[in-house]
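What follows is a short report on a single structure.
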2 protein chains.
Amino acid sequence: MPAPSTAPNLMATIVSLCKRRGFIFQASEIYGGMGNTYDYGPLGVELKRRVKEAWWRANVTTRADVVGLDSAILQHPKTWETSGHVAGFTDPLVDCKTCKARFRADKLGEAQCPQKPSRTPLENKCELTAPRAFNLMFKTHVGASEDSASVAYLRPETAQGIFLNFKNVLEASRLKPPFGIAQIGKSFRNEITPGNFVFRMREFEQAEMEFFVPPAQNDEWYAYWRARRLQWYLDLGIRRDKLRVREHEKDELAHYSTATCDVEYEYPFGWGELEGIACRTDFDLKRHSEASGVRLEFFDPDTKEHYTPFVIEPAGGIDRMALTFLIDAYAEEMVENEPRVVLRLHPKIAPITVAVFPLVKKDGMPEKAHELEQELREAGFSTFYDEKAAIGRRYRRQDEVGTPWCVTIDGDTLKDGTVTVRARDSMKQDKVAARDLVAYVTQALRSWKQG
Amino acid sequence: MPAPSTAPNLMATIVSLCKRRGFIFQASEIYGGMGNTYDYGPLGVELKRRVKEAWWRANVTTRADVVGLDSAILQHPKTWETSGHVAGFTDPLVDCKTCKARFRADKLGEAQCPQKPSRTPLENKCELTAPRAFNLMFKTHVGASEDSASVAYLRPETAQGIFLNFKNVLEASRLKPPFGIAQIGKSFRNEITPGNFVFRMREFEQAEMEFFVPPAQNDEWYAYWRARRLQWYLDLGIRRDKLRVREHEKDELAHYSTATCDVEYEYPFGWGELEGIACRTDFDLKRHSEASGVRLEFFDPDTKEHYTPFVIEPAGGIDRMALTFLIDAYAEEMVENEPRVVLRLHPKIAPITVAVFPLVKKDGMPEKAHELEQELREAGFSTFYDEKAAIGRRYRRQDEVGTPWCVTIDGDTLKDGTVTVRARDSMKQDKVAARDLVAYVTQALRSWKQG
């Protein structure tokens, strides 16, 4: 029996599983790898799609008071001057005058000399420059010239794209506060010390919402979103004792924020931020109003007054969510004296929903299995067909990637039209009429309770 | 009656509709706009989500022979050296020594002097430099230094991310040719002459598939994908006479390509490429094999031979698809002597699936309407509630954004539990039991035929 994976082994186990089964690969691996950059493989892209879909469904589709947006990565540079990112979105760096290496000034204790054998700490004889602010935004140039007029930045957050469109959305959608604008998209931060697999990457995908409220309703909506976002993770099966909400201390708050909290998860490397919920007040809308000369306010027809709404911002990273679901779902256990690795993913986010197996490769079973496979695919279910190896081994392969249901076509299928549906977690088997299979899976998905 | 919109008016009409109703906004509009960059508003983001979902469903979910991928935008620079983009992905540019402006050498005939009143063509006295190659990739720097070792490019196409992962995907998914790897994601090209709204942008979203086949099957799969991709547009309602497939002439082909065609649409500004289907042979896999030293081949267990598959690549732009669906769906007509604007979008891609109206704002109708609205939302349908203005005007507002069904709660609803479902195209009205509404819409969506 393999030892139950515990920190820090668990991270290595997850990284290895992710590569082997096609969840996540090192980017540009054939060229030695692109540091801190990852590609999602066939199973990873399906997991990520479902996490995004679940987020969108909970925060947009099922809500009358939230609409979506998809703003560009490249925005006018004035955006980032106004938001404060050009001046303030920095890490303090020092250079070594001897070996020319660069280090984070606030992490010199962990720094290692890159010209010495690995693990050699920075030496006292190294002569370091004074710390300088290094901006974390990726810079590029738009158009044919590379002068200062053509500078553009890859957005470091999706939020500003929402503030820029506040007026356009208000006019087009006829919403009134309290209402939200939600967005999922890539952001980029030129982190000096990224790490922990897809937990902190330079290129990452965010899911953010700016929820605009009358200032007097700020506190109640902050409490609402804090509870709501925590509940979303619980609804998708994350264990309660691995989650906590940590309110920021006064000295941690951005100067404009009245309150901020993090939903934290206990990763193998310690407690870490999974999502932040921030009270941003009217800071962003007012700044952009002043800088652009365009009034970003709401006119209340009842009171006949203009006001700038306050903002509650729930903001998380899709990559980090996907990683968290993987880590939390991972389990090793003994089944009939054999080890079993199982990802207990909620079926709504499992990359494969149904696997279809012919018991043996003859007697028309593969044909019938392919027929059912295609029926499930047409019904929209992510489906996987497997006819290789013993049935037990095929179950294990699906357990390891979190497939909630495996369907076996056997002798009975050809006689009485029934198939065997085996559940991932309980390993119990159900006899189901093949013609009812789509309805069975639809119903099982809908009524799922983690247990 | 408004004149039927014809080119070139139609483009202006679409752009205006897009802004007014919240499909597409100029990016950074409050700062004077970011040139050639657009943000998708509440309706646009839903349209785009559905176009992507329809593409993924047709090309991945319903197919046993295609898997998905989501590779990073920033890859190792060797990727773009090997693919030929560093050396060859260029436009020829000339500078004017007098006014310092820069022009495309191959479009000097259309060039206008930026220092003269608008529409003044380039003058003979302008002294131009010889053409120089200008690379269309956006360049940035990763990490803390800005030297040549830290250069990275924003990917100009998603395709290379698929070739880089060929081996990883093959090993993780146990597929064998013919099989495909599909991907949707952002790409970036520093175009000197972008234009026509979201038709050609610097930042855009691609949907690409590399379909790997045994070389002997190249021609049949090329024919297959050419027909299949054309059919996809027809299935989603694009008019047949607005589409054509144009085979590239020999002198248009990339040197490694044996055949390429474009699915073209007749835009208001002329016939333009909607999607390309290219035979890329074994060019990319072989180049990356040579440059990386990693064998990117398939071992055929039947013949015991290694070979490099040939590639068929259907590649389209999601923004361009969305624009095409909007343009093709747009119609103006007279209904009972009143003009009506209607977007005849296929219900699978319409941003709002159902609108819900209380006939009047009293007698419990708004409450009942909100109840049905929420039921539809929970069932996953994009839903819009409207209680403002006369019912006819509310219909028109939904017609203009392509909502296929409007549901009215009226006196009958409170008496016998029925609601009125009005269809966008035929404008016919159906009486439906409120409790059957979700099933009714589900069925109507499933059995939709454009007519």
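Here is the naming used below: chain letters follow the sequence lines, and residue numbers restart at 1 for every chain.
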Using heavy-atom distances under 4.5 Å, tell me whether B:L43 contacts chain A through its side chain, its backbone, both, or neither.
neither

Under 4.5 Å heavy-atom distance to chain B, tell me which part of A:L136 shows up: side chain, backbone, both or neither.
neither

Take atom NZ of A:K186 as the centre, draw a 6.0 Å sphere, and report whether it contains more than 12 heavy atoms from other residues, nucleotides or ligands.
yes

At a 4.5 Å cut-off on heavy atoms, which part of A:L296 comes close to chain B: side chain, backbone, both, or neither?
side chain

A:K167 versus chain B, heavy atoms under 4.5 Å apart: side chain, backbone, both or neither?
neither

At a heavy-atom separation under 4.5 Å, does A:L93 approach chain B through its side chain, its backbone, both, or neither?
side chain

Can you say whether A:R132 sits under 4.5 Å from chain B via the side chain, the backbone, both, or neither, judging by heavy atoms?
neither

For A:F138, is it the side chain, the backbone, both or neither that has a heavy atom under 4.5 Å from a heavy atom of chain B?
both

Applying a strict 4.5 Å limit to non-hydrogen atoms, the region of A:Q374 in contact with chain B is side chain

Would you mind checking which part of A:A152 comes under 4.5 Å of any heavy atom in chain B, side chain (CB onward), backbone (N, CA, C, O), both or neither?
side chain

Check whether B:H288 gets within reach of chain A through its side chain, its backbone, both or neither, counting any heavy atom under 4.5 Å.
both

Given that the side chain runs from C-beta out, which part of B:R104 has a heavy atom under 4.5 Å from chain A: side chain, backbone, both or neither?
neither

Output yes when a side-chain donor or acceptor of B:R377 lies under 3.5 Å from a complementary backbone atom of A:R57, and no otherwise.
no

Can you find a side-chain donor-acceptor pair between A:S28 and B:Q75 that sits under 3.5 Å?
yes

Under 4.5 Å to a heavy atom of chain B? For A:R49 that would be side chain

Inter-residue atom distance B:T61.OG1 - A:L376.CG, 0.5 Å rounding:
12.5 Å

So, does B:T140 use its side chain to make a donor-acceptor pair with the main chain of A:K139 at under 3.5 Å?
yes

Relative to chain A, which segment of B:E203 carries a heavy atom at a distance below 4.5 Å: side chain, backbone, both, or neither?
side chain

Cut-off 4.5 Å, heavy atoms of chain B, and the answer for A:E53 is side chain

Toward chain B, the part of A:F23 with a non-hydrogen atom under 4.5 Å:
neither

Backbone N or O of A:N165 within a donor-acceptor pair of the B:E29 side chain at under 3.5 Å?
no

Compare all side-chain heavy atoms of A:V142 with those of B:M34 and state whether any distance is below 4.5 angstrom.
yes

Under a 4.5 Å cutoff for heavy-atom pairs, which residue among B:K19, B:R397, B:E171, B:K48 has the most contacts with chain A?
B:R397

Correct closest heavy-atom pair for B:G143 and A:F134 would be O-CZ, 3.4 Å

Tell me if the NZ atom of A:K52 is crowded by more than 12 foreign heavy atoms within 6.0 Å.
yes

Look at the side chain of B:D39 and the backbone N and O of A:A72, then say whether any donor-acceptor pair between them is shorter than 3.5 Å.
yes

B:T82 and A:Y31: side chain donor to acceptor below 3.5 Å
yes

Sort A:R20 into side chain, backbone, both or neither according to what part of it lies under 4.5 angstrom from a heavy atom of chain B.
backbone

So, do B:L74 and A:F188 sit near enough that their side-chain heavy atoms are less than 4.5 Å apart?
yes

Could you tell me which portion of A:T37 (side chain, backbone, both or neither) has an atom closer than 4.5 angstrom to a non-hydrogen atom of chain B?
side chain

Smallest separation among heavy atoms of B:S173 and A:P42, with atom names:
OG-CG, 3.8 Å

Spacing of CZ belonging to A:F384 relative to CZ belonging to B:R174, to within rounding of 0.5 Å
5.0 Å

Quick one: of B:P77, B:S292, B:G22, who has the most non-hydrogen atom pairs under 4.5 Å with chain A?
B:S292

Taking the side chain as every heavy atom from C-beta outward, state whether A:N168 and B:I30 have any atom pair closer than 4.5 Å.
no

Chain B contact via A:D386 - side chain, backbone, both or neither, heavy atoms under 4.5 Å
side chain

Top residue by heavy-atom pair count (under 4.5 Å) with chain A, among B:D91, B:T383, B:I73, B:T79?
B:I73

Is there a donor-acceptor pair under 3.5 Å between the side chain of A:E373 and the backbone N or O of B:A64?
no

Compare all side-chain heavy atoms of A:E46 with those of B:V60 and state whether any distance is below 4.5 angstrom.
yes

Is the backbone N or O of A:H141 less than 3.5 Å from a side-chain atom of B:N190, with the two atoms forming a donor-acceptor pair by type?
yes

